[in-house]
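Residue numbering restarts at 1 for every chain, and letters A, B, ... go by the order of the sequence lines.
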Amino acid sequence: MLESLVSLESMSLSSMDVSVLERLKWLQQQQQVLSTTNASPELLQFHGTNNDELLQNTFSHFQMLRSGFGPNYSMGFGPSHEAMDGCISRTNSCQMDQADTVGVMLKNSEENITISLKNKRKSEVKTREEEKTEKKIKVEAETELNMKARREKISKKMKYLQDLVPGCNKVTGRAGMLDEIINYVQSLQRQVEFLSMKLAVLNPELELAMEDLSVKQFQAYFTNLPVVVASKPSLMVDAPLFPLDQQGSLDLSVINPNQATTIEAPSASWETQSQSLYNTSSLGFQY
Amino acid sequence: MASADKPINTDVPEKDVFTLHFLQSLSNLRRQNTFNSPEKTNDRVKKIKKAAYVSMARAAGGTNRLWSRALLRRAAKENSKVVRFPRRKKRVTCLRRRRSNRRDPVEEEEAERLRNLVPGGGGMETSKLMEETAHYIKCLSMQVKVMQCLVDGLAPK
C-alpha cells in the first residue's frame, strides 16, 4: 500500500523539489513515531489507528502537491487519487505485519533521501547551468556587436577597393566585387610576369648598351631616342636638373608635384625627372 | 606609413622610386656573370621577376607594410639569407586573438582566395587584408607601368 503510494509520489518527485524535503521530514517524523512504540499490541493499535492517520497525512500531502502543481496536474492526480482510495480500502481489509510496514517505510525513506539528495544536486547543477547560459548569452551579444563593427569596417574597405579597381562599379554585391578584385590582382601579376619575360628577351640589348655609363643610356631609352653613346647623353645631362644634395640624396619632394599625370607613354616631365634620378644614381646614390 | 584608424592610408611613392629600385636591382642582376647566357632564358625570367617584386616591395613600403615584409622574407628565404626587420612599436604580428570574432563563413571563403594572392595574407585579419590588398594593387600597377616604359624604351625600332 505504502509502496504504491510512494511510487506515485516518486513520480511527481522529479518536478517538485521542495515538496520532497517536506515529505522527507514528514517521513522521518513518522519513523520516529513508529520507533517509539515497540509493544506489539500498541503497534497493532497504532497500526490500526495510525494507518488512517498516515493515509490521511499522505492524502493531505498529495493535496498539497496537487495544489502546488496547479490545474495541469489535476488530471494526473485524478487517477492517483482514486488509486489512493483503492489503497486505503485495501489497507483496511488486508492485514500487514508491523515489521513489514516499518521495513517498507525505512526502505522508502532511504530511497526518498537519495532521491531528494539527487534532486538537490540537480537543482544546484541547474542554477549553475543557468548562470552559464546567462553568461553565454552576454558573450554572444558582445560578439554580435563585434561582428557588426567588423562587417562595417570590411564593407568600408571594400568600397575603397571598389574605387581602386577599374570596372568594379557595375558589379554589385560582395562576392562579385571580390571576384573582380581577385581577377584584377591576378591580371596585374600576370602582367608583371609577361613584362619580365619581355625584359629578359631584351636584356642582352640592355647589356650591350650598358656599360658603366648605364644611367645615361637609360635616359636615352626613356626619351625613345636611338641610343647614341656620345652626343645625346650629353644633351640630356645638360638638361635642367632638380635640386639635389651634394651627398647625392634625392630630393623627392620637389619631383613629386608633377606626378599627377598618368604616364603610359613617358611624358616630358617624367623624363626630366628620371634624368635627375639617374644622374643622382651615377653620383652614387645609395638607399 | 602607419595606417590610421579612420582614414585608410594607402599612399604609394612615386614612379621614380620604383624605377630607381628596379633599375638598381636589374643592374645588380647584370653584374652576375651567368646572367646573359642565351640558353637559360627561363632562369633569367624568374630572376627578373623576382627582382621586380623585391624592388617593388622595397620601393613601396619597405618594412612598413605587411605584404612587402612577407615578400622580402620570402625572397630572402629563397636565397637562404636571414632577414631582420626592425622591431615596430605596434605588434603587427599579433595574430589569432579573439579567434571567434574573426570567422564569418560567408566572407572568409572569398577572403581565402585573396589571401593566397597577396603575399603575407595568411596571417591577417580580413579588414587588414583589405588594406594590404589596396596598397598592393597600387604598387603592382605602378610596377607594371615602370616595366612597360622600360620595355617600350628598349624595344627595337
What part of [X] gets closer than 4.5 Å to chain B, counting heavy atoms only: side chain, backbone, both or neither?
{"X": "L188(A)", "answer": "both"}
{"X": "L161(A)", "answer": "side chain"}
{"X": "F194(A)", "answer": "neither"}

- [ ] Check side chain to side chain contact (heavy atoms under 4.5 Å, CB included) between Q186(A) and all other residues, then give those that pass, not counting sequence neighbours.
- [x]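 Partners of Q186(A) by the side chain to side chain contact (heavy atoms under 4.5 Å, CB included) criterion, ordered by chain and then number, come out as I182(A), N183(A), R190(A), L117(B).
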Open item on the list: Once side chain to side chain donor-acceptor pair (under 3.5 Å) is applied, do any residues pair with Q189(A), and if so which ones, sequence neighbours excluded?
Closed with: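 For Q189(A) the side chain to side chain donor-acceptor pair (under 3.5 Å) partners, ignoring immediate neighbours, are Y136(B).
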Open item on the list: Applying side chain to side chain contact (heavy atoms under 4.5 Å, CB included) to K157(A) and L129(B), what does each step give before you reach the verdict?
Closed with: CA-CA 9 Å; K157(A) 286 168 189 177; L129(B) 182 70; over 6 Å; no
- [ ] Kindly indicate, with the supporting measurements, whether the criterion side chain to side chain contact (heavy atoms under 4.5 Å, CB included) is fulfilled by M147(A) and R150(A).
- [x] CA-CA 5 Å; M147(A) 292 283 276; R150(A) 263 189 70 241; 3.7 Å; yes
